[in-house]
Undergrad: 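Can you keep this structure in mind? I'll have questions shortly.
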Amino acid sequence: MNQQIHKGKNIRVYELAKQLQMSNKELLKKLNKYGVEVKSHMSSIDDETLELIMAEFGEQEPEPEPQLETKTLKVEEGITVSALSNLLNVKKADLIKVLMQAGIMANINQRLDLNALTILSKKYEFEPIKKLTTEERLLAGEPDSPENLRPRPPVVTIMGHVNHGKTSLLDAVRETNVMEREAGGITQHIGAYRVSLENGDVVFLDTPGHEAFTKMRARGAQVTDIVVLVVAADDGVMPQTIEAINHAKAANVPIVVAVNKIDKENAKPERVRQQLSEYGLVPEEWGGKNIFVNISAKSKIGIEDLLESILLEAELLELKANPNKLARGTVIEAQMSKSRGPVVNVLVQDGTLKVGDYFVAGMYDGKVRAMVDDKGKNLQEALPSTPVEVLGCSGVPEAGDKFYAVNDEKEAKAISESRRSMSLERDRSAMGRKSLDIYQLIKDGKVKDLNIILKGDVQGSIEALSESLLRLNNDEVKINIIHSAVGSITENDVMLASASDAIVIGFNVRPTAHAAKLAEREHVDIRLYNVIYQAISEVRTIMEGLLEPELREVILGRAQILEVFNISRVGTIAGCQVINGRVVRNQPVRVLRNNRSIFEGKIDSLKIFSEDVREVASGQECGILVNGFSDFQRGDILECYTFEQVPVKLGS
C-alpha cells in the first residue's frame, strides 16, 4: 500500500480501493462479504466498516510518518587513523587532535586499539568493536536467557592446615576410605567427587592444601563456589590456616568453617572461633557472616549439620547453569596413562558434555571417546557441576586449563593451533626476563590497586612495615596486604602473588630455591629489603605509577605574522617570524588576535623559503600553512603547543 488509510466520514469506495491497490469491483465484493450494503463505487464508507477493512489488512491508525532506520557505524580495533578518517569523512588532523587531548600520540598510519577507538567514538558517534581472535570468534556465545537456566550443585573446596582432617572429612561425607589408598595418609592428587544428599547434590574438590586451588585460580579458573575451612579444635589456627583464609578471600568466595576434632579431650572450639574472628571470620552467632559448624570427621559428628550449612550457603548464591548447550568446564587434573593414553579430569561447569563431542582443553584438542564419573561408572553425558574423567585428548593439559566442547573437529584444531601459537609467542617474549615488573601490569591496566604479600624475619618488623605501607593509602590508590607472615618466601607465596597480580616484599628474608625458580617461571616480582624506609619509598613510587598522569599543555613557541600570501592551489600562507621558542610541523597551533584565540588547528606545512623543514627556531622567518584556516592578518600570533603527561606525586 502506498499510503496510510485514515478514518473519515467521507472516504468513498473508489478512494479506499485505490489505497488498497484493488479494483472497485473487488472491494465491493469484500464489503458485501461483511454484510455491508454499498450501492456503487461512489458510496461513502462509515468508520465501523473501515475498521473491519483495516483489521484485515493489518493497518494501524493513527501511525506516524515512517522514520528511516539509522544504523550505528561499527568500527573494529586495528583500523588506522587514515582509514578511520575516510570512513567517518573527518579530517585526519581532527582525529589526531582528539587523541592528543586524551594523551595518545598518534600518526595517520597508526593502528588504533580499543581504548583509542572508545575515546574517538564519544565525539564521532560510532561503536568501537573489539577485534576477536580465532578462538574468541569460535567460542563466543550468546548470553543465556533466564528461562534456560537450571539450578546446579555447588562446587566446594576443602582447605586448611596439614593434619587438621581435610581428607578425613571428605571420607566421612562420601563414605569411602580414600586415605587408606594414599601413601602416608596424605592426599597425593586433586580429586573431584559428587555427593548426593536428600536436599541436593554437592561436588567436593579435595586438594593437597591450597596450592592447586591457587594455581588453578592463577590460570584464570574460578571453579570453587564455597570454601570449607577445616580447623582442628585441639590445635587452633596455624600458619597454613591463615594462608588458606587469605587464598579464599583473594578468590572472593564464601567460607564455611568446620571446627574438627571436637571429641578430643583438649578440644577448644570457642578458642578457634576467637582466633578466626581476628582474621575477619566472625561466627553468625556472634553477629558475623560466617557459618561455623562443630564436627568430628572420624566419629561422624556434625557432618549432616555441615552439609546442610553448605546447601544453605549455596541456596543464597543461587547457582545456575544452562544444560542445553555445548559444555564448558575446567581441567582439574590430567595424566598420561600407559593403557588409556591422556586422561583428563574435567569439572563440567556449563552446558552438557556428551560422548562423541569434539573439545579443546588448554593447547590440545580431541574427541570424547569415553567418560567415567568419580564412582567408576561410564556416562553418556555430563550435566553442569559434574566431575568426569575424559578419554580422547591429543595431549596432557595443565590443571586450571579451560575445557570447551565445540561444533566439529575443524573448530577444535583451529583453536588448539591458535593457543599453541600464542603460547609460543609468550615463551619467546619471556626469554631473558626474570620477573614481571609491576609497572607493565600498570601499563596494561591489569592492576588498579596494589596487592602486596609481606614476609619478614620477625612479627614486629612485619607489623611496623605493614602499618607504614598502609599509611600510603589515598582516595585514588589503595594498598592491599593480602597475606603477611614470618618466614622465608615460599612457593605458596609465589602462587598467591601470581593469582592476585601481587608483588612479594621480603624484609630480612629471602625466597627458597624452589620459590625463586617458580617466581621466574610465573613472572612474579619479588623485592627484598633490609631497611624499612627503602621499602616504603619504592612502594610509594609504584603507587605513583598507578595514578593516572595529568595531561598538561606545553607552549613550544610563538610566531608573529609579518605578511599574508595567497597562493593558488596551495592556500593562504602566513609569513612569520618566530619570536620565542620554536614552531614545529604537525603540532597543534592556535591563532591569537588581540591576545584572544580565534582558531585552533594544526600546522600542515612549514617552510623556510621553498624548503620544507620540521621546525623553526626563535629569530628565524618562515612560511606557515594552518589546516582549515586562511583568515590571517598582520600582527596575529601563532602559538604552537603540545601535550605531555606529567606523573602525579604522592604527598609525603
Undergrad: Verify salt bridge (Lys or Arg N to Asp or Glu O under 4.0 Å) between Arg273 and Glu285, making sure each step is shown before the conclusion.
TA: CA-CA 11 Å; Arg273 284 167 167 76; Glu285 57 265 31; 3.1 Å; yes

Undergrad: Evaluate the criterion side chain to side chain contact (heavy atoms under 4.5 Å, CB included) for residue pair Asp493 and His483; output intermediate values, then yes/no.
TA: CA-CA 8 Å; Asp493 300 320; His483 176 60; 3.5 Å; yes

Undergrad: Tell me whether Asn260 contacts the main-chain N or O of Ala297 through its side chain, where contact means a donor paired with an acceptor under 3.5 Å.
TA: yes

Undergrad: Can you give me the closest heavy-atom contact between Pro154 and Asp201, atom names plus distance?
TA: CD-O, 3.3 Å

Undergrad: Could you check whether Arg340 pairs with Glu389 (Lys NZ or Arg NE/NH1/NH2 to Asp/Glu carboxylate O, under 4.0 Å)?
TA: yes

Undergrad: Assess whether atom CD of Gln380 is packed by more than 12 heavy atoms of other residues, nucleotides or ligands within 6.0 Å.
TA: no

Undergrad: Please report the closest heavy-atom contact between Thr352 and Pro323, naming both atoms and the distance.
TA: OG1-O, 2.6 Å

Undergrad: Check step by step if side chain to side chain donor-acceptor pair (under 3.5 Å) holds for Glu491 and Thr512.
TA: CA-CA 8 Å; Glu491 293 172 82; Thr512 64; 5.5 Å; no

Undergrad: Measure from the side-chain N and O atoms of Ser385 to the backbone N and O of Arg152, and report whether any donor-acceptor pair falls under 3.5 Å.
TA: no

Undergrad: Give the C-alpha distance, both sets of side-chain angles, the deciding distance and a yes or no for side chain to side chain contact (heavy atoms under 4.5 Å, CB included) between Val230 and Met159.
TA: CA-CA 6 Å; Val230 180; Met159 300 172 68; over 6 Å; no

Undergrad: Given 3.5 Å as the limit, does a donor-acceptor pair link the side chain of Ser416 with the main chain of Tyr364, or not?
TA: no

Undergrad: Mind checking whether Val331 and Asn345 have side chains closer than 4.5 Å, heavy atoms only?
TA: no

Undergrad: To the nearest 0.5 Å, what is the distance between OH (Tyr404) and OG1 (Thr330)?
TA: 8.5 Å

Undergrad: Between Val272 and Ala232, what is the shortest heavy-atom contact and its length?
TA: CG2-O, 4.0 Å

Undergrad: When you compare the side chain of Lys261 with that of Lys264, does any pair of heavy atoms fall below 4.5 Å?
TA: yes

Undergrad: Would a 4.5 Å heavy-atom cut-off, applied to side chains only, mark Val173 and Phe204 as touching?
TA: yes

Undergrad: What I'd like to find out is whether the side chain of Gln274 reaches to under 4.5 Å of the side chain of Glu270, using heavy atoms alone.
TA: no

Undergrad: To check you understand the geometry: which heavy-atom pair defines the closest contact between Glu77 and Leu114, and what is its length?
TA: OE1-N, 3.2 Å

Undergrad: If you round to the nearest 0.5 Å, how far is CG of Asn451 from OG of Ser500?
TA: 6.0 Å

Undergrad: Any side-chain heavy atom of Ile332 sitting closer than 4.5 Å to one from Val346?
TA: no

Undergrad: Just how far is it from atom CD1 of Ile453 to atom CD1 of Ile503, taken to the nearest 0.5 Å?
TA: 9.5 Å

Undergrad: Answer whether the closest heavy-atom distance between the side chains of Val524 and Val504 falls below 4.5 Å.
TA: yes

Undergrad: Is the CG atom of Asn252 crowded by more than 12 outside heavy atoms at less than 6.0 Å?
TA: no

Undergrad: Tell me which donor-acceptor pairs under 3.5 Å the side chains of residues 307-322 have, and how far apart each pair is, sequence neighbours excluded?
TA:
from	atom 1	to	atom 2	distance (Å)
Ser309	OG	Asp305	O	2.9
Asn322	OD1	Asn324	N	2.9
Asn322	ND2	Asp144	OD1	3.0

Undergrad: What verdict does the side chain to side chain contact (heavy atoms under 4.5 Å, CB included) test give for Leu528 and Phe507, after you've listed the backbone C-alpha separation in whole Å, the side-chain angles of each residue and the deciding distance to 0.1 Å?
TA: CA-CA 6 Å; Leu528 306 175; Phe507 188 75; over 6 Å; no

Undergrad: Answer yes or no: is there an ion pair linking Lys367 with Asp357, defined by an N-O contact shorter than 4.0 Å?
TA: no

Undergrad: Taking Glu284 for the side chain and Asn290 for the main chain, is one N or O donor matched with an acceptor at less than 3.5 Å?
TA: no

Undergrad: Under 3.5 Å, side chain of Asn246 to main-chain N/O of Glu243, donor-acceptor pair present?
TA: no

Undergrad: Answer yes or no: does atom NZ of Lys375 have more than 12 heavy-atom neighbours from other residues, nucleotides or ligands under 6.0 Å?
TA: yes

Undergrad: Can you tell me how far CD1 of Ile452 sits from CD1 of Ile505, rounded to the nearest 0.5 angstrom?
TA: 4.0 Å

Undergrad: Atom CD of residue position Glu304 - does it have more than 12 heavy atoms of other residues, nucleotides or ligands inside 6.0 Å?
TA: no

Undergrad: Taking Asp373 first and then Arg194, would you say they form a salt bridge - that is, a charged N and a carboxylate O separated by under 4.0 Å?
TA: no

Undergrad: Are the ring centres of Phe359 and Phe403 closer than 6.0 Å?
TA: yes

Undergrad: So among Val257, Leu229, Val231, which one has a side-chain contact (heavy atoms from CB on, under 4.5 Å) with Ile245?
TA: Leu229

Undergrad: Nearest heavy-atom pair of Ala233 and Pro269: which atoms, and what distance?
TA: CB-N, 4.2 Å

Undergrad: Between Arg328 and Asp350 (salt bridge meaning N to carboxylate O under 4.0 Å), is one present in this structure?
TA: no

Undergrad: Test of understanding: with ring pair (Phe, Tyr, Trp, His ring centres under 6.0 Å), list the residues that count as partners of His164, not counting sequence neighbours.
TA: His161

Undergrad: Check this for me: Lys298, atom NZ, are more than 12 non-hydrogen atoms of other residues, nucleotides or ligands nearer than 6.0 Å?
TA: no

Undergrad: Closest approach of Ser484 and Ile462, non-hydrogen atoms and distance?
TA: CB-CG2, 3.9 Å

Undergrad: Between Asn508 and Gly456, is there a donor-acceptor pair closer than 3.5 Å when you use the side chain of the first and the backbone of the second?
TA: no

Undergrad: Check whether any side-chain N or O of Asp263 sits under 3.5 Å from a backbone N or O of Ser299 as a donor-acceptor pair, and report yes or no.
TA: no

Undergrad: Just by distance, do the side chain of Asp365 and the backbone of Val360 share a donor-acceptor pair under 3.5 Å?
TA: no

Undergrad: Applying side chain to side chain donor-acceptor pair (under 3.5 Å) to Ser168 and Asp171, what does each step give before you reach the verdict?
TA: CA-CA 5 Å; Ser168 296; Asp171 285 345; 5.2 Å; no

Undergrad: Does Arg271 have more than 12 heavy atoms from other residues, nucleotides or ligands lying within 6.0 Å of its CZ?
TA: yes

Undergrad: Could you walk me through whether Leu496 and His247 pass side chain to side chain contact (heavy atoms under 4.5 Å, CB included), step by step?
TA: CA-CA 7 Å; Leu496 180 57; His247 285 238; 3.7 Å; yes

